[in-house]
Amino acid sequence: MSGVIVTGPPKANLKDVEALARYGVATVSEAMGRTGLLGPCIRPVQQGVRVAGTAVTVLSWPGDNLMIHAAVEQCGEGDFLVVTTTSPCTDGLFGELFATTLQRRGVRGVVMNTGIRDTQALREMGFAAWSRAVSAQGTVKATGGSVNVPIAVDGQVIHPGDVILADDDGVVVVPRERARETAERAQAREAKEAATRAAFLDGQLGLDRYGLRETLKELGVEYRTHEEFTGERP
């Protein structure tokens, strides 16, 4: 497998990245029309962490982390490393030593479409990580691959420089060209949700706030008393 290491790709504006970091993954995905989510199998190794950064992408051979070493050189302040392989792999391609060098370079986190290891150490050092599996299985450094090329994870195409946002709910990718627009839409959605939350705290039901009673009626859903439904009398 040959490959390429692309240097200096364009990245989303840091202000837009920081704006997106204010919102949860679910809110941002909804703001993009319920798109951009990586699958539910990509899970955090920590809890209570939300982080956003610009993608540095890696395409590796299964069981081989050579290209992660190559990618470290391309990583800088505010980046988010995203790694996938040419075919499914759950080996532990990433661990504490990689996290140490990336943290030194200002990288905000990693998304591994593979396995990850040294999870306790990662939590202790405060390096945010999401992965498809946790595995102590080691790897080799023997096969070429690519850095900063478009990759696909769970049907989502991730380009270098796109925004990666991750929290307890999972991971979402925001195309860099849509970062500012999506942040604005997320802000509007959060304001709307705040108003709804206040209404629910005041006792309003979702059936009424969202006009769902009419929806139920249109779908033919009927209200019946227990006696009408069962024929039993109290």
Side-chain angles (χ1 to χ4, degrees), residues 1 3-7 21 25 38-149 151-154 156 158 160-173:
M1 175 182 173
V4 62
I5 298 172
V6 179
T7 63
V25 164
L38 276 58
C41 291
I42 304 289
R43 302 302 305 152
V45 303
Q46 68 285 311
Q47 291 291 303
V49 173
R50 179 194 299 160
V51 63
T54 46
V56 173
T57 60
V58 180
L59 179 63
S60 289
W61 193 260
D64 191 313
N65 65 7
L66 172 62
M67 297 315 297
I68 301 179
H69 285 279
V72 170
E73 185 181 28
Q74 305 305 317
C75 290
E77 187 72 36
D79 283 336
F80 212 125
L81 188 67
V82 186
V83 180
T84 193
T85 48
T86 55
S87 61
C89 172
T90 58
D91 295 345
L93 269 66
F94 185 96
E96 176 191 6
L97 294 180
F98 271 135
T100 299
T101 187
L102 289 176
Q103 195 171 61
R104 173 66 178 79
R105 299 177 75 85
V107 173
R108 296 179 175 179
V110 63
V111 172
M112 300 292 299
N113 191 28
T114 66
I116 200 169
R117 62 185 188 177
D118 303 332
T119 57
Q120 180 178 346
L122 295 181
R123 288 189 292 271
E124 290 174 350
M125 66 189 292
F127 188 82
W130 286 255
S131 69
R132 182 166 296 276
V134 173
S135 173
Q137 178 62 49
T139 59
V140 300
K141 302 165 181 60
T143 311
S146 295
V147 176
N148 279 332
V149 299
I151 61 174
V153 178
D154 290 336
Q156 300 297 334
I158 303 170
D162 285 349
V163 181
I164 302 296
L165 174 67
D167 62 16
D168 287 352
D169 291 338
V171 182
V172 65
V173 54

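Here, residue 1 is the first one in the sequence, and each next residue gets the next number. Everything numeric here is computed off the predicted structure, so don't read it as measured data.
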ask   = Atom CG in L66, atom CG in L93: separation rounded to 0.5 Å?
value = 10.5 Å

query = How far does OG of S60 sit from CG of N113, to the nearest 0.5 angstrom?
reply = 11.0 Å

query = With D79, which residues qualify under salt bridge (Lys or Arg N to Asp or Glu O under 4.0 Å), at least two apart?
reply = K11

key: Spacing of I116 atom CD1 and R43 atom CZ [to the nearest 0.5 Å]   = 13.5 Å

inquiry  = For the CD1 atom of I5 and the CE atom of M67, what is their distance to the nearest 0.5 Å?
reply    = 4.0 Å

Smallest separation among heavy atoms of D91 and G63, with atom names = OD2-CA, 3.4 Å

request  = State, with a plain yes or no, whether a side-chain heavy atom of V111 is found less than 4.5 Å away from one of V153.
outcome  = no

remark   = Hits for side-chain contact (heavy atoms from CB on, under 4.5 Å) against S135, two or more places apart or cross-chain, chain-then-number order -> Q137

query = With a 4.5 Å heavy-atom cut-off, do V147 and V56 have their side chains touching?
reply = yes

ask   = Step by step, would you call V173 with L38 a side-chain contact (heavy atoms from CB on, under 4.5 Å)?
value = CA-CA 8 Å; V173 54; L38 276 58; 4.3 Å; yes

remark   = Residues passing the salt bridge (Lys or Arg N to Asp or Glu O under 4.0 Å) test with R50, sequence neighbours excluded, are none

query = Which distance, rounded to the nearest 0.5 Å, do you find between the CD1 of I151 and the OG1 of T84?
reply = 5.5 Å

message = Taking side-chain hydrogen bond (donor to acceptor under 3.5 Å, both in side chains) as the definition, give me every residue that meets it alongside D154, ordered by chain and number, with sequence neighbours left out.
response = R132

inquiry  = When you compare the side chain of L59 with that of T86, does any pair of heavy atoms fall below 4.5 Å?
reply    = yes

ask   = Does C75 offer a backbone N or O that forms a donor-acceptor pair with the side chain of R105 under 3.5 Å?
value = yes

ask   = Taking all atoms of both residues into account, what is the closest heavy-atom pair of W130 and I42, and its distance?
value = CB-CG2, 3.9 Å

Minimum-distance pair of heavy atoms, taken over all atoms of A99 and L122 = CB-CD2, 3.3 Å

key: Exam field: side chain W61 to backbone K141, donor-acceptor pair closer than 3.5 Å   = no

task = Sort out for me which residue in V51, T100, V49, V110 forms a side-chain contact (heavy atoms from CB on, under 4.5 Å) with F127.
result = V110

task = Could you tell me whether a side-chain N or O of N148 sits under 3.5 Å from a main-chain N or O of P160, the two making a donor and an acceptor?
result = no

note = All heavy atoms of T85 vs all of C89, minimum pair found to be OG1-CB, 3.6 Å

query = Going by the side-chain hydrogen bond (donor to acceptor under 3.5 Å, both in side chains) test, which pairs reach into residues 115-127, not counting sequence neighbours?
reply = Q120-E124

request  = To the nearest 0.5 angstrom, please state how far the CG atom of N65 sits from the OG1 atom of T139.
outcome  = 3.5 Å

request  = Give the intermediate values and the outcome of side-chain contact (heavy atoms from CB on, under 4.5 Å) for residues V72 and L102.
outcome  = CA-CA 7 Å; V72 170; L102 289 176; 3.9 Å; yes

task = Grab the two heavy atoms, one from A21 and one from A52, that are nearest each other, plus how far apart they are.
result = CB-CB, 3.8 Å

inquiry  = Any heavy-atom pair between the side chains of M112 and I68 that's under 4.5 Å?
reply    = yes

inquiry  = Whether the side chain of S131 engages the backbone of G115 through a donor-acceptor N/O pair (distance < 3.5 Å, no angle test) should be reported.
reply    = no

query = Going by the ring-ring contact (aromatic ring centres under 6.0 Å, His included) test, which pairs reach into residues 96-122, not counting sequence neighbours?
reply = H69-F98, F94-F98

